[in-house]
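Protein chains get the first letters and strands the later ones, always in sequence-line order, with residue 1 at the start of each.
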Amino acid sequence: MLGFVIQRLMQAAAVMLVMSALVFIGVYAIGNPIDVLISPDADQHTRAEVIARFGLDRPLWEQYATFLGRLLQGDMGRSFVFGMPVLSLILSRLPATLELTLLAVISATLIGVPLGMYAGYKPHSPVSKAIMALSVLGFSVPTFWVGILLIFGFAVQLGILPAGGRGQTVNVLGVGWSFLTLDGLKHLALPAFNLSLFKMSMMIRLSRAGTREIMLSDTVKFARAAGLSERVILGRHVLKLISIPIVTVFGLELGSTLAFAVVTETIFSWPGVGKLIIDSISTLDRPVMVAYLVLVAFLFIIINLSVDLVYATLDPRLRKGRG
Amino acid sequence: MEAVGLSAFWRDFRENPVAVAALAVVALILALAVAAPLFTPQNPYDIANLDLMDARRPPGYVGSGGYAHWLGTDAQGRDLLSAILYGLRISLQMGLIAGGLALSAGATLGVTAAYLGGRAEALIMRVIDLQLSFPAILLALVLSALLGQGKTQLIIALTAAQYAYFARTAHGAATAERNKDYVEAALSTPLPALRVVFRHILPNCLPPLIVVATVQIANAISLEATLSFLGLGLPATEPSLGMLIANGFQYMLSGRYWISIYPGVALIVLIVAINLVGDQVRDQLNPRLQR
């Protein structure tokens with residue numbers, strides 16, 4: 001087992017190194033940041049000074065070596081646009097993204113699983129068909145389009161929910177959180193629902209498939225024979241049995257929800273990390289782009305690593321060899 | 001599938017009225033998009049046709065051209081119906097090209113990996129699995145940000161984000177075929193291995209690949225729209241549906257919904273219709289669901 005863990009860790013580190021190099025080369029090969037940083041009428045002296053200060057006159061590999069060295073010390077450079085360290089810039093935007101993503105994934109689970117279980121329990125009822133139609137829509141309609149419809153319906157036509165921004169926040173542990181105030185919750189409602197729709201469709205499908213399968217199993221037959229009410233069977237036994245795949249997906253999807261948050265945050269002007277990356281792409285703020293991509297790659301490698309390790313503890317066959 | 005034949009396939013397909021309707025919608029949209037320049041009241045990208053006096057008019061408005069703008073006009077005075085039909089051309093083009101390229105690249109890679117076996121197979125599939133663990137949208141986003149705007153760049157980004165799904169499917173199907181007797185027999189003849197792979201193994205992997213392809217074409221169209229909406233996809237000279245929606249978005253808050261909503265409706269109808277056709281094809285090609 002220990003050998004397996006070490007092997008996986010080394011693999012993850014290698015992948016991380018390759019990713020950081022790819023990201024760095026890719027980002028530093030596009031555009032010319034000098035055009036963004038220096039106004040066209042700046043004199044030669046200012047130009048040279050800025051180029052030297054940001055190290056833009058160095059060869060690419062040297063810039064990468066410096067970048068990598070500083071990365072290991074947690075220093076990801078300074079944003080060209082905001083003039084502050086990238087890491088603290090991203091960290092300052094992270095709470096907004098985290099509360100949005102967590103709320104979205106949790107509500108997707110809390111709403112999606114019961115709906116899916118119902119659809120699996122009564123597969124032929126019209127309500128179940130409506131639930132499944134909803135999940136097909138949730139899968140196929142692009143997130144940004146749902147966001148636009150939500151803004152149009154709730155903010156423009158009905159005027160009951162705000163179209164963007166975070167609203168009033170409360171400072172806890174030095175960072176602002178929206179979900180602690182009524183105004184903040186109002187601002188959270190639409191983006192969180194928007195972000196959760198895709199996951200909800202997935203949860204509905206998963207729990208429907210699981211429930212349908214388990215309802216035919218001996219477990220349920222014996223539970224019924226023992227005189228348990230349908231309610232207890234569903235709530236206690238079926239739910240427990242379908243929860244394993246759901247928990248796995250919940251964990252895995254947390255990462256991809258962060259990716260989709262880019263779209264939702266842009267539509268709802270939610271000041272999170274996703275909006276930051278879109279803004280920094282359009283202003284060619286390269287340190288922010290690189291840092292964001294490296295952090296996301298890191299996050300996904302960590303998620304994959306933990307999934308691998310959890311599965312290895314559950315299934316001894318995977319521990320040997322390559323898996 | 002060869003034995004069943006195309007007409008039998010169609011006979012089964014016909015039994016699902018929803019899928020037939022969806023197929024009709026897809027065909028209609030394709031025809032409209034291809035023939036758009038022949039019957040749209042204006043070429044929305046010929047500036048000579050545009051009049052700012054017609055800008056942001058609601059649906060049904062009769063503009064300076066003397067004809068009704070059934071879906072209204074956008075901020076440049078463009079007839080939205082014409083703009084949507086031209087936009088569909090671009091969206092469909094992107095979806096089909098990217099989907100087709102991803103299919104060929106992914107299938108080649110997957111089948112080759114299955115044929116090679118051993119370390120090469122393990123390495124290829126490990127890379128593919130790794131890529132599949134990243135969401136396609138993130139990958140497409142990053143790539144189009146890195147490559148910049150443009151048709152070619154976007155096609156590269158979409159293909160790179162999607163080929164892995166085809167590779168995984170092709171690999172699974174080809175691994176199953178690899179161990180069958182007919183492959184063994186073909187390999188024992190002096191035929192070159194490449195010929196065996198592409199003439200004998202690949203065709204037998206097609207049914208699952210066709211299913212993935214329908215889903216992925218819809219996904220490519222949706223991804224392209226998302227990227228263009230975020231300003232990362234096509235340049236302004238190639239206005240796809242996503243860009244039309246993005247352009248209209250800023251007028252939404254002032255109640256001019258049609259500039260954004262109608263291109264979106266066109267996009268959704270297209271994507272949902274393709275997905276419904278794909279669902280039926282999947283059910284028919286899935287041996288486990290055979291009656």
Side chain to side chain contact (heavy atoms under 4.5 Å, CB included) assessment of A:Ile281 paired with B:Leu230
CA-CA 10 Å; A:Ile281 287 172; B:Leu230 292 173; over 6 Å; no
Report the option among B:Asp279, B:Asn275, B:Ile274, B:Ile268 that has the most heavy-atom pairs separated by less than 4.5 Å from atoms of chain A.
B:Ile268
Under a 4.5 Å heavy-atom cutoff, which of A:Val141, A:Leu137, A:Val296, A:Ile277 has the most pairs with chain B?
A:Val141
Do A:Leu149 and B:Ile261 come close enough that some side-chain heavy atom pair is under 4.5 Å?
yes
Heavy-atom distances under 4.5 Å only: say whether A:Tyr292 touches chain B with side chain, backbone, both or neither.
side chain
Heavy-atom distance under 4.5 Å to chain A: side chain of B:Ile221, backbone, both or neither?
neither
Less than 4.5 Å apart, any side-chain heavy atom of B:Ile137 and any of A:Thr143?
no
Looking at side-chain heavy atoms only, is the closest gap between B:Phe229 and A:Ile267 below 4.5 Å?
yes
Value for CG (A:Leu293) from CG (B:Leu138), rounded to nearest 0.5 Å, stands at 7.5 Å
Heavy atoms of B:Ile271 and A:Ser140 approach each other most closely as CG2-O, 3.3 Å
Atom group of A:Ile148 that falls short of 4.5 Å from chain B, counting heavy atoms
both
Measure B:Ala218 against the heavy atoms of chain A and call it side chain, backbone, both or neither at under 4.5 Å.
neither
Under 4.5 Å to a heavy atom of chain B? For A:Phe152 that would be both
Does the side chain of B:Thr226 come within less than 4.5 Å of A:Trp145's, by heavy atoms?
no
Got a sec: does the CZ of B:Phe13 have more than 12 other heavy atoms crowding it under 6.0 Å?
yes
